[in-house]
Amino acid sequence: MQSVGNNIAVCYNKKMQIIELRNVSYEYPIDSENGIMALDNVSLSIEEGQFVVLCGANGSGKSTLAKLLNGLILPTKGSVFVYGANTVTQDDSDIYKIRSKVGMVFQNPDNQMIASIIEDDIAFGPENLGVPREEIIKRVEWALSVVGMSAMRKHTPFKLSGGQKQRIAIAAVLAMRPSVLVFDESTAMLDPKGRAEVMQVIHSLNKEQNITVIHITHHMEECIGADRVIVMKEGRLVFDDKPEVLFRQYDFAKDCKLELPVIAYITHLLGQRGIVMPEVQTEEEFAEALCRLL
Amino acid sequence: MLRDVTFGQYYPTNSPIHRLDSRAKLIFAVLYITVLFMTYSFAGYAACALFVVMLAVISKIPIKTLLKSVKTVMFLVIFVSVINILFYNGNNLLWGWWKIQIYADGLIFASKMALRLILLVLGPAILTFTTTPMELTDGIESLMSPLKVLKFPVHDVAIIMSIALRMIPALMEETDKIVMAQKARGADFDSGNVFRRAKALIPVLIPLFVGAFRRADELALALDARCYNATPNRTRYKILRFKWADFIATLVFLAFATVLLLDKYLIGMDNLIWGLFQ
């Protein structure tokens with residue numbers, strides 16, 4: 001197995017590889033003998049600058065996979081490498097290096113804020129890392145401006161909308177200067193407006209700050225604009241390709257309990273009548289392709 | 001109903017008192033409580049009340065908001081007063097029936113007790129109205145920092161306090177939601193005797209506790225993800241500085257404390273005024 005892993009590493013060396021999972025399994029213990037297999041022999045590698053969407057039904061192992069990426073949990077079998085460093089570390093300080101590289105934004109913004117004033121909350125991460133004060137001040141300003149919340153720095157987060165709170169949570173992780181951001185269903189609790197706000201921030205982070213994004217979601221429309229979609233089912237990876245390819249596989253997606261965007265459904269219906277649509281992502285492209293067919 | 005609890009909430013006005021060093025304010029609060037407990041005269045309580053009102057005016061906190069913070073202890077104040085009036089044994093019997101005897105001394109004692117309790121809440125209320133929880137915990141951490149020598153986890157304690165304070169509004173919101181959800185299912189919180197009402201709260205408390213534990217789990221993950229405890233050489237974003245304003249505030253406060261102590265040990269204003277009447 002080791003040699004296979006090495007070969008994969010060699011193949012990908014041309015593009016900088018940030019995260020690599022080698023035959024990772026994870027079992028949640030129930031008692032001393034039994035457990036629930038949340039991840040089953042998963043191998044995966046993620047390259048710098050990619051926008052990866054990870055989806056799957058409830059209990060498919062998405063969140064477990066996310067928590068493995070920065071060592072919040074450690075694999076039962078196999079290994080996870082971040083910039084070549086194993087998350088099973090000998091030294092405690094190594095795991096914090098990994099965690100500051102791979103930032104994580106969770107589902108409920110209320111449960112990830114530590115301080116009651118926004119700027120204090122954003123400073124919390126860099127403070128923990130021992131960043132000098134002058135640098136923390138710069139980072140707080142920068143992080144708030146990236147998510148477009150600079151005006152709110154002295155406020156308390158309680159009166160903000162869900163989308164605004166989640167943007168603060170993103171800024172708080174950004175202040176640690178990560179190169180990868182993992183969003184663990186960060187849009188799941190938001191209303192459509194808040195979701196659009198947060199998605200816009202996530203895309204701009206990927207494009208403008210060159211941050212690698214791993215976005216876990218239920219909402220398949222959020223695949224649009226992604227470089228790569230990974231679908232999980234019962235702890236295994238069952239799909240790993242571009243979103244437009246997934247959008248063409250209606251029955252497969254349905255089998256994985258994914259609700260594809262409406263263009264995928266129309267493509268599917270047209271396909272049943274023998275009309276083949278090209279592979280497209282956005283509704284605009286779809287409409288154009290449709291017009292051309294007519 | 002829960003929104004009326006104003007104690008422990010920040011009231012932002014950016015007044016000179018808001019800008020004082022939180023450590024100075026903490027020490028003032030402790031000293032204020034100390035002198036309040038040493039005082040045993042109406043004149044002294046009047047001075048305390050005057051001082052608190054002065055602070056409220058300078059910090060631009062409406063007196064109404066300030067008085068709301070007493071609401072939480074009003075039950076205790078009334079309870080203590082009634083007990084004292086009914087069962088105090090002293091001189092100058094005013095009225096008696098069966099085993100209940102009301103003495104003038106008892107009335108005086110009860111009113112002093114009530115005043116003391118109310119003033120005890122008002123002083124620290126000014127502290128929490130004018131200081132953000134973060135400043136407060138930073139101040140406490142700074143004041144406790146000598147304990148680090150004894151390996152006492154000063155910073156952890158400060159973080160625990162800060163998170164506890166931050167969670168108060170969130171938990172209150174959640175309580176409101178659960179109460180409404182249970183009411184929607186026909187739960188009745190407003191009728192019956194004390195025991196029945198207390199029992200009716202169980203379906204509120206259990207989901208609240210479960211929710212609090214779930215929150216705690218997620219918060220622990222978030223703390224880990226943000227590298228809590230990564231290095232013992234943690235840096236600080238905000239630094240506390242003892243400024244000129246703090247020095248002046250200290251002088252004012254010492255003057256206030258001196259007045260109270262002078263009254264207690266040398267002048268005895270109550271007796272002077274009492275003497276004038278006689």
Side-chain angles (χ1 to χ4, degrees), chain A residues 63 66-67 69-73 92-137 139-140 154-159 169 172-173 175-176 178 182 184, chain B residues 3 8-14 18 128 131-138 141 155-156 158-174 177 211-241:
Chain A
S63 282
K67 286 181 193 117
L69 297 179
N70 65 350
L72 285 178
I73 55 177
D92 261 359
S93 71
D94 291 341
I95 191 70
Y96 293 115
K97 267 181 211 152
I98 290 174
R99 284 185 191 154
S100 65
K101 282 274 170 242
V102 183
M104 200 153 181
V105 180
F106 296 90
Q107 186 174 20
N108 188 342
D110 280 331
N111 294 352
Q112 45 188 318
M113 286 182 188
I114 283 91
S116 8
I117 300 290
I118 287 168
E119 57 173 358
D120 293 345
D121 189 62
I122 291 170
F124 182 76
E127 281 180 337
N128 286 336
L129 293 169
V131 175
R133 181 163 180 269
E134 293 71 34
E135 172 72 14
I136 297 182
I137 295 171
R139 286 195 190 185
V140 169
K154 302 261 179 210
H155 289 238
T156 130
F158 277 100
K159 295 185 177 120
V173 176
M176 299 195 302
V182 181
D184 189 359
Chain B
R3 307 225 175 279
Q9 277 182 28
Y10 184 58
Y11 193 92
T13 61
N14 198 22
H18 283 73
T128 52
T131 320
T132 65
M134 206 62 186
E135 285 170 346
L136 217 56
T137 45
D138 277 357
E141 189 181 347
H155 178 65
D156 290 324
I159 279 286
I160 290 168
M161 285 180 48
S162 144
I163 289 175
L165 282 170
R166 200 193 78 62
M167 280 298 162
I168 291 173
L171 287 178
M172 281 190 177
E173 208 178 271
E174 196 157 306
K177 263 189 210 157
F213 277 111
R214 203 184 48 235
R215 262 173 204 281
D217 264 353
E218 281 178 35
L219 202 62
L221 272 182
L223 278 171
D224 268 347
R226 280 163 76 187
C227 298
Y228 182 61
N229 267 344
T231 159
N233 310 315
R234 200 171 181 275
T235 44
R236 322 208 117 262
Y237 174 54
K238 281 190 175 150
I239 2 181
L240 301 170
R241 272 208 199 90

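Computed from a predicted structure; not experimentally measured.
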In terms of heavy-atom contacts, Y96(A) and C227(B) come closest through O-SG, 3.6 Å
So for [X], is it side chain, backbone, both, or neither that comes closer than 4.5 Å to the heavy atoms of chain A?
{"X": "T231(B)", "value": "both"}
{"X": "D224(B)", "value": "both"}
{"X": "I159(B)", "value": "side chain"}

Is it the side chain or the backbone of [X] that comes within 4.5 Å of chain B heavy atoms, both, or neither?
{"X": "L129(A)", "result": "both"}
{"X": "K97(A)", "result": "neither"}
{"X": "P126(A)", "result": "backbone"}
{"X": "D110(A)", "result": "both"}
{"X": "V140(A)", "result": "side chain"}
{"X": "F106(A)", "result": "side chain"}
{"X": "E119(A)", "result": "both"}
{"X": "A169(A)", "result": "neither"}
{"X": "P132(A)", "result": "backbone"}

A side-chain contact here means heavy atoms from C-beta on lying under 4.5 Å apart; do E127(A) and Y228(B) qualify?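 The answer is no, as the side chains (C-beta and beyond) never meet within the 4.5 Å cut-off.
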Is there a side-chain contact between I114(A) and I163(B) in this structure, where contact means two heavy atoms from C-beta onward sitting under 4.5 Å apart?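 Yes - at least one pair of side-chain heavy atoms lies under 4.5 Å apart.
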For the CD1 atom of I136(A) and the NZ atom of K238(B), what is their distance to the nearest 0.5 Å?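 NZ of K238(B) is found 12.0 Å from CD1 of I136(A).
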Backbone N/O of V131(A) and side chain of T235(B): donor-acceptor pair under 3.5 Å: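 Looks like yes, one N/O pair under 3.5 Å.
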Below 4.5 Å, heavy-atom pairs only: which of M104(A), M113(A), Q112(A) has the largest tally toward chain B? M113(A)
What residues, two or more places apart in sequence or in another chain, satisfy ring pair (Phe, Tyr, Trp, His ring centres under 6.0 Å) together with H155(A)? none
Using the side-chain contact (heavy atoms from CB on, under 4.5 Å) rule, take L221(B) and K67(A) through it: C-alpha gap first, then chi angles, then the decisive distance, then the call. CA-CA 9 Å; L221(B) 272 182; K67(A) 286 181 193 117; 3.4 Å; yes
Any salt bridge (Lys or Arg N to Asp or Glu O under 4.0 Å) involving residues 212-222 of chain B? Give me the pairs, sequence neighbours left out, ordered by first then second residue. E174(B)-R215(B)
Any Lys/Arg nitrogen of R226(B) or D121(A) sitting under 4.0 Å from an Asp/Glu carboxylate oxygen of the other?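 A salt bridge is present here (some side-chain N lies under 4.0 Å from a carboxylate O).
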